[in-house]
Amino acid sequence: MATNLQKATWEAMKLIPKGRVTTYSAIARYLDSKATRVVASAVGKNPYAPTVPCHRVVLSSGKIGNYSGGNGVSTKIALLAKEGVVVSNGKIVDFATRLWEFEL
DNA sequence: AGCGTGACGAACT
DNA sequence: TAGTTCGCCACGC
C-alpha cells in the first residue's frame, strides 16, 4: 500500500524532463515535507519501474547515490548517459546545470 | 507501543 | 575537510 507521500513522490518524478536530474531533498521540498528518507524509500520501492524514471533522482551533493536494478549504480549511470547526463566517478558532471527544480 | 533500519539531508564537532 | 548525530516518515519485528 502506498501512502500519499509515496504517490506524490512518483508523480513528481514523472515531471522530470529527459536529460535532467533532481534530488531527493528537492522532491521532499516539493511535497512540502522534510522526510527525504520516505522519498528515497518510495523511489527504492518504485512499483512503477518503467513509468517513473527513478534514475533521474540523485543526491543533493551531486553524487549518483544508489540504485536497485540491473547492475546497480552502473546501470543508473548508463541510463543517465543515454539521456545526455554525463557521470564521472559516481558524480554528475555540470550538476548545477543538469539539476531540475520543481515548479511550485 | 517501542526499536531499528532505509536508493537521504543538514547541522555540528 | 571529514566524520558523526539527529531528524524525518514508513515498515517490520
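This structure is a prediction, so every number in the text was calculated from the model and none was measured. We name chains A, B, ... by the order of the sequence lines, and we start the count at 1 in each one.
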Problem - Same-atom distance (C1') from B:dG4 to C:dT5, integer angstrom - result: 16 Å
Handout entry: Nearest-angstrom distance from the residue atom NZ of A:K45 to P of C:dC9
Key = 15 Å
Practice task
For A:S41 and A:K45, test the side chains for any donor-to-acceptor distance below 3.5 angstrom and give the result as yes or no.
Solution key: yes
Problem - Side chains of A:V21 and A:V57 in contact at under 4.5 Å (non-hydrogen atoms) - result: no
Problem - Check: A:C54 and A:Y48 side chains under 4.5 Å, non-hydrogen atoms - result: no
Exercise for the section: Using the P atom on both, measure B:dC12 against C:dC8 and round to a whole Å. Expected result: 15 Å
Practice task
Look at the side chain of A:T3 and decide which nucleotide, out of B:dA7, B:dA10, C:dC11, has an atom nearest to it.
Solution key: C:dC11
Handout entry: Whole angstrom value for the distance that separates P of B:dA10 from OH of A:Y24
Key = 14 Å
Problem - Distance, P atom - from B:dC3 to C:dC6, rounded to whole angstrom - result: 14 Å
Problem - Ionic contact status for A:E83 with A:R20, cut-off 4.0 Å - result: no
Handout entry: Nearest-nucleotide pick for A:R37, side chain only, options being B:dG9, B:dG6, B:dA7
Key = B:dG6
Exercise for the section: Counting heavy atoms from C-beta on, name the nucleotide in B:dA7, B:dG9, C:dC8 closest to the side chain of A:A40. Expected result: B:dA7
Fill in the blank from the handout: Ranking B:dA7, C:dG7, B:dA10 by distance to the side chain of A:S60, first place goes to B:dA10
Practice task
Return the nearest nucleotide to the side chain of A:L59; candidates are B:dA7, B:dG9, C:dC8.
Solution key: B:dG9
Problem - A:S25 side chain, from C-beta outward: closest of B:dA7, B:dA10, B:dG6 - result: B:dA10
